[in-house]
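To start, the structure under review is shown below, and the notes come after it.
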Amino acid sequence: MRRLLRRYAFVVVLLAELPLLVPAPFPLTDHLVFWEAGRMVATGSSPYDMAVWTDVAHTYQSGHLAPFVDVGRPVWIYPAWTVALFVPFGLLPYPAGPLALYIAYLVVGLFAAMLFVRSLPAARRPPTGIAVAIVAAFQPLLIADRYGQFGAFLLLGLVLVYRGLKDRSMLPLVTGSLILFTKPQLFLIVALYVLAVLVRRRDVRAVGAVVASLAVVAILTTVRYPESLAFFRGGVSERVGVYFGVYSSTWAFAEVIVGPWWPILGASLVVATVVACAVGVRSLPLDLRAAGSLAAAAVISLAITPVDFHYDQVPLILALILAVAVGRRPYQVALIWGLGVVVPWCLFFLDLGLAGEAQLSGIVPLLVATLFAASAYGGGSFTESPAINPSSPLMANTAVKLK
């Protein structure tokens, strides 16, 4: 029965969420925004040109864009280099371009999860069927795909960075860093962690390659679109000023719970997240700690960021996969499904009933950190099993005999 569950869990999840996998009309989602931004670059215009966005809103009768163009709010407030992700899709006509983008989100998200599983030590890999089923059911990823946000690409960027650090390979490290650079505010602690690893290794070449690549891309795209500086600066000011207490950051959750005392509760939640992540990493077997450290850095990055939407929480998937890797007892798997899948969906629907501002989802990083710590700490018999622990006397004796 357990073998059947592992094998068919992914299929069951896909069938259960099939209605949500049917994309919403593209004029109502960010698929149209990102496709159009890529098309603007491909045709030589600027994604910061509000006149073009006004035409797009009218052409496609976009209720999603109308609130922006009606009051003159900028639509594209991302850095100039972010739009490079979407140029290949902008080469396609409508609706093939947005549809290709949506399909790419679905494929890339699942591919990134499976690549991370396959990147773990062979003896530590979780059952792929269950791990990928949990990923497919994870609310931030599914909603990001449906709303048109590129969380799946960011997840792939994280996994490529892990592969680059693990294999000491320049190409995946630089590629992953460039992808994460498209939403840098979500990966502040990840950036510090990667830098610390490279400095500890004294890998000056890797540090130079990453920094140079980011700098070249930033300079070239900003020179091409110098107006991006004003739009990006204005967008940051607007988001921090208007959305700081809204949507799904730790701080927004604290504000909706305790009102003016939010700095105290918010800081306490961040500290609790850091402690949970530290316990989780320290409880992992040695050969999983590098993966666990990167996953923890991603969780903490999301916990501290001042502006965070619930679909930005896709990077939490790394911690969920590691929780499955070390928490294989039935009650642990049930806990992972409960805290990692069911609760985020419940919070999402509760938020929809509270004017759709999604503050309650701001607790999800702490929930995942706690789940990560509990699974690693309670992994006991699995993580310490001499049959898979390379430092155990049994493995040492086996190594001697093989020699």
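Residues: numbered from 1 along the sequence shown.
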Nearest-0.5 Å distance, CG of residue Leu186 to CG of residue Leu302: 6.0 Å

CD on Gln149 to CD1 on Ile143, rounded to 0.5 Å: 12.0 Å

Exam field: side chain Tyr105 to backbone Gly148, donor-acceptor pair closer than 3.5 Å: yes

Arg289 side chain vs Leu284 backbone, donor-acceptor pair below 3.5 Å: yes

Minimum heavy-atom distance Ala209-Ser213, with the two atoms named: O-OG, 2.7 Å

Result of checking Phe86, Phe181, Tyr225 against Trp81 for ring-ring contact (aromatic ring centres under 6.0 Å, His included): Phe181

Test item: Thr250 side-chain N/O and Val270 main-chain N/O as donor-acceptor pair under 3.5 Å: no

Pair Tyr94 and Tyr60, ring centroids less than 6.0 Å apart: yes

Validation row, ring centre Trp53 to ring centre Phe68 under 6.0 Å: no

Check: Thr43 side chain, Met40 main-chain N or O, donor-acceptor pair, under 3.5 Å: yes

4.5 Å side-chain heavy-atom contact, Tyr193 and Leu294: yes

Donor-acceptor contact present, side-chain Thr182 to main-chain Ile179, <3.5 Å: yes

Verdict with supporting geometry, Ile317 and Phe138, side chain to side chain contact (heavy atoms under 4.5 Å, CB included): CA-CA 8 Å; Ile317 284 174; Phe138 191 47; 3.5 Å; yes

Over all atoms of both residues, closest heavy-atom pair of Ala206 and Leu173: CB-CD2, 4.2 Å

Heavy-atom side-chain contact between Thr29 and Arg146 under 4.5 Å: no

Distance in Å, Ile321 CD1 paired with Leu316 CG, rounded so as to fall on 0.5 Å steps: 11.5 Å

Donor-acceptor under 3.5 Å (His31 side chain, Asp145 main chain): yes

Check: Ser228 side chain, Thr222 main-chain N or O, donor-acceptor pair, under 3.5 Å: no

Greater than 12 external heavy atoms within 6.0 Å of Arg201's CZ: yes

Pairwise side-chain contact, Val324 with Leu320, heavy-atom cut-off 4.5 Å (strictly under): no

pair Leu318-Leu155: side-chain heavy atoms closer than 4.5 Å: yes

Residues forming a salt bridge (charged side-chain N to carboxylate O under 4.0 Å, His left out) with Asp55, sequence neighbours excluded: none

Side-chain H-bond candidate by donor/acceptor type, Ser248 with Gln313, under 3.5 Å: no

Residue pair His310 / Val364, side-chain heavy-atom distance below 4.5 Å: no

Donor-acceptor contact present, side-chain Asp351 to main-chain Leu360, <3.5 Å: yes

Separation between OG of Ser361 and CZ of Phe253, rounded to the nearest 0.5 Å: 10.0 Å

Lys/Arg cation over aromatic Phe153: Lys183, 6.0 Å, 45° cone: no

Heavy-atom closest pair, residues Ala144 and Val314: CB-CG2, 4.2 Å

Check against side chain to side chain contact (heavy atoms under 4.5 Å, CB included), His64 and Leu32: CA-CA 9 Å; His64 180 48; Leu32 178 66; over 6 Å; no

Where Ala57 and Val69 come nearest, the two heavy atoms and their spacing: CB-CG2, 4.0 Å

Worked verdict on Val52 versus Glu36 for side chain to side chain contact (heavy atoms under 4.5 Å, CB included): CA-CA 10 Å; Val52 177; Glu36 179 61 37; 4.1 Å; yes

Close side-chain approach of Ile103 to Leu99, heavy-atom, < 4.5 Å: yes

Non-hydrogen atoms of Pro172 and Gly164 that approach each other most closely: CG-CA, 3.8 Å

Ring-ring centroid check Trp76 Phe34, cutoff 6.0 Å: yes

Leu115 side, atom CG; Leu156 side, atom CG - distance, nearest 0.5 Å: 7.0 Å

Flag side-chain contact, heavy atom, 4.5 Å: Asp312 against Pro140: no

Derivation of the side chain to side chain contact (heavy atoms under 4.5 Å, CB included) call for Val108 and Phe150: CA-CA 10 Å; Val108 168; Phe150 53 100; over 6 Å; no

Heavy-atom donor-acceptor pair, Trp35 side chain to Phe89 backbone, under 3.5 Å: yes

Closest non-hydrogen atom pair between Gly292 and Leu322, with its separation: CA-CD1, 3.5 Å

Nearest-0.5 Å distance, CH2 of residue Trp337 to CD1 of residue Ile130: 8.0 Å

pair Val159-Phe111: side-chain heavy atoms closer than 4.5 Å: no

Main-chain N/O of Ile189 paired with Ser301 side-chain donor or acceptor, under 3.5 Å: yes

